[in-house]
Undergrad: 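Handing you this structure, nothing more for now.
For clarity, every value in this text was computed on a predicted model and none was experimentally measured.
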Amino acid sequence: TSLGAMSIETELREELTAAMKAKDRPRLDVIRSVQSEVSAAKTAPGFSGEVDDDLHRTVISTYVKRVGKARDEYAGMGEAAATRLTQAEFEIDYLQRWLPQTLGEAETRSLVESTIADLGVDDPKQAGRVIGSIMKSGADLDGGLVNRLVREALGE
């Protein structure tokens, strides 16, 4: 961390205090979830690193991926899962500030289209080749989004 910048751990602690004062249940829940995941990670067998921003980013990233999968399931469940869907979306949005910024959907779609054009691919069976090429591009990407956009673009 740069001098004067707060660690993610400190930011989360301050956010937790603010959420308690504001009685902000969704924020309290997500911060507590992340804190317990960090505790689990640092007590896991074989962990010998520091409890630093890198550990927090890894834990948050894994958590966001898991919540993203759950969100996709909730989205298919209709009204019954509306509350859970809303909470999942809130958590994903809330935690983004501590993650490296991935390309958004529009930028990713444009990368997908240009890669498909560059490779001259029009067969859905070639989706894996396109996805592989995009993921090696060096851009910070959401793999699930790339997968979905490539399959849509190739008409799968």
Undergrad: Say whether L12 and V67 are linked into one hydrophobic cluster, either directly or through other cluster members, by side-chain heavy-atom distances under 4.5 angstrom.
TA: yes
Undergrad: My understanding is that only residues two or more places apart in sequence, or in another chain, count here; which of them pass side-chain hydrogen bond (donor to acceptor under 3.5 Å, both in side chains) with Q126?
TA: R129
Undergrad: Would you give the length of the straight line joining atom CZ of R97 to atom CD of E11, rounded to the nearest 0.5 angstrom?
TA: 7.0 Å
Undergrad: Can you check salt bridge (Lys or Arg N to Asp or Glu O under 4.0 Å) on K69 and E73, steps first, answer last?
TA: CA-CA 6 Å; K69 284 188 181 126; E73 288 171 23; over 6 Å; no
Undergrad: Report the distance from atom CZ of R148 to atom CD of E105, rounding to the nearest 0.5 Å.
TA: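 Separation between the atoms: 4.5 Å.
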Undergrad: Hey, any chance I8 and F47 share a hydrophobic cluster, counting ILVMFWY side chains that come within less than 4.5 Å of each other, even indirectly?
TA: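 Result: yes, single cluster for both.
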Undergrad: Determine the sole option in V121, V112, T108 for which the side chain to side chain contact (heavy atoms under 4.5 Å, CB included) test with V150 is passed.
TA: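 Exactly one candidate clears the test, V112.
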Undergrad: Just wondering, do T17 and R13 contact through their side chains at under 4.5 Å, heavy atoms?
TA: no
Undergrad: When E37 is tested against each of R32, H56, R66 for side chain to side chain donor-acceptor pair (under 3.5 Å), which residue passes?
TA: R66
Undergrad: Looking only at heavy atoms, what is the nearest atom pair of A127 and L154, with distance?
TA: CA-CD1, 3.7 Å
Undergrad: Where do S133 and T115 come nearest, in terms of heavy atoms and distance?
TA: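 Reported closest heavy-atom pair: OG-CG2, 3.7 Å.
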Undergrad: Out of curiosity, does V64 fall in the hydrophobic cluster containing L85 (side-chain heavy atoms, cut-off under 4.5 Å, transitive links)?
TA: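 As far as the 4.5 Å side-chain criterion goes, V64 and L85 are not connected within one cluster.
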Undergrad: Please round to the nearest 0.5 Å and tell me the distance separating atom CE of M135 and atom CG of D142.
TA: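 Answer for the CE-CG pair, M135 versus D142, is 8.0 Å.
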Undergrad: Under the rule for ring pair (Phe, Tyr, Trp, His ring centres under 6.0 Å), what residues qualify as partners of Y94, not counting sequence neighbours?
TA: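 Partners of Y94 under the ring pair (Phe, Tyr, Trp, His ring centres under 6.0 Å) test: F90, W98.
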Undergrad: Using the side-chain contact (heavy atoms from CB on, under 4.5 Å) criterion, which residues pair with D54? Sequence neighbours excluded.
TA: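 Listed in chain order: D52, R57.
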Undergrad: For D29, enumerate each residue passing the side-chain hydrogen bond (donor to acceptor under 3.5 Å, both in side chains) test, keeping only those at least two apart in sequence or located in another chain.
TA: R25
Undergrad: With sequence neighbours left out, write down each residue that passes side-chain hydrogen bond (donor to acceptor under 3.5 Å, both in side chains) with D24, or none if nothing qualifies.
TA: R27
Undergrad: What distance do I31 atom CD1 and S36 atom OG have between them, rounded to the nearest 0.5 Å?
TA: 12.0 Å
Undergrad: Determine whether L55 and I60 fall in the same hydrophobic cluster, where Ile, Leu, Val, Met, Phe, Trp and Tyr are linked whenever their side-chain heavy atoms lie under 4.5 Å apart.
TA: yes
Undergrad: If we count only N and O atoms by modelled type, under 3.5 Å, do the side chains of Y63 and E91 hold a donor and an acceptor together?
TA: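 The criterion, which ignores hydrogens and geometry beyond distance, is satisfied for E91 and Y63.
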Undergrad: Just to verify, what does R84 make a side-chain hydrogen bond (donor to acceptor under 3.5 Å, both in side chains) with, not counting sequence neighbours?
TA: none
Undergrad: If we only count heavy atoms from C-beta on, is the L149 to I134 side-chain gap below 4.5 Å?
TA: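 The answer is no, as the side chains (C-beta and beyond) never meet within the 4.5 Å cut-off.
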Undergrad: Answer yes or no: is there a donor N or O on one side and an acceptor on the other, between the side chain of Q96 and the main chain of I92, under 3.5 Å?
TA: yes
Undergrad: Would you please test V38 and E9 for side-chain contact (heavy atoms from CB on, under 4.5 Å) and show each step?
TA: CA-CA 10 Å; V38 168; E9 188 173 12; over 6 Å; no
Undergrad: With rounding to the nearest 0.5 Å, note down the distance linking OH in Y74 to OG1 in T83.
TA: 10.5 Å
Undergrad: Do S110 side-chain atoms and A106 backbone N/O form a donor-acceptor pair below 3.5 Å?
TA: no
Undergrad: Please determine whether side-chain contact (heavy atoms from CB on, under 4.5 Å) holds for the pair R151 and I131, giving the CA-CA distance in whole Å, both sets of side-chain angles, and the decisive distance to 0.1 Å.
TA: CA-CA 9 Å; R151 294 183 191 290; I131 292 166; 4.1 Å; yes
Undergrad: How far does CZ of R109 sit from CG of L145, to the nearest 0.5 angstrom?
TA: 8.0 Å
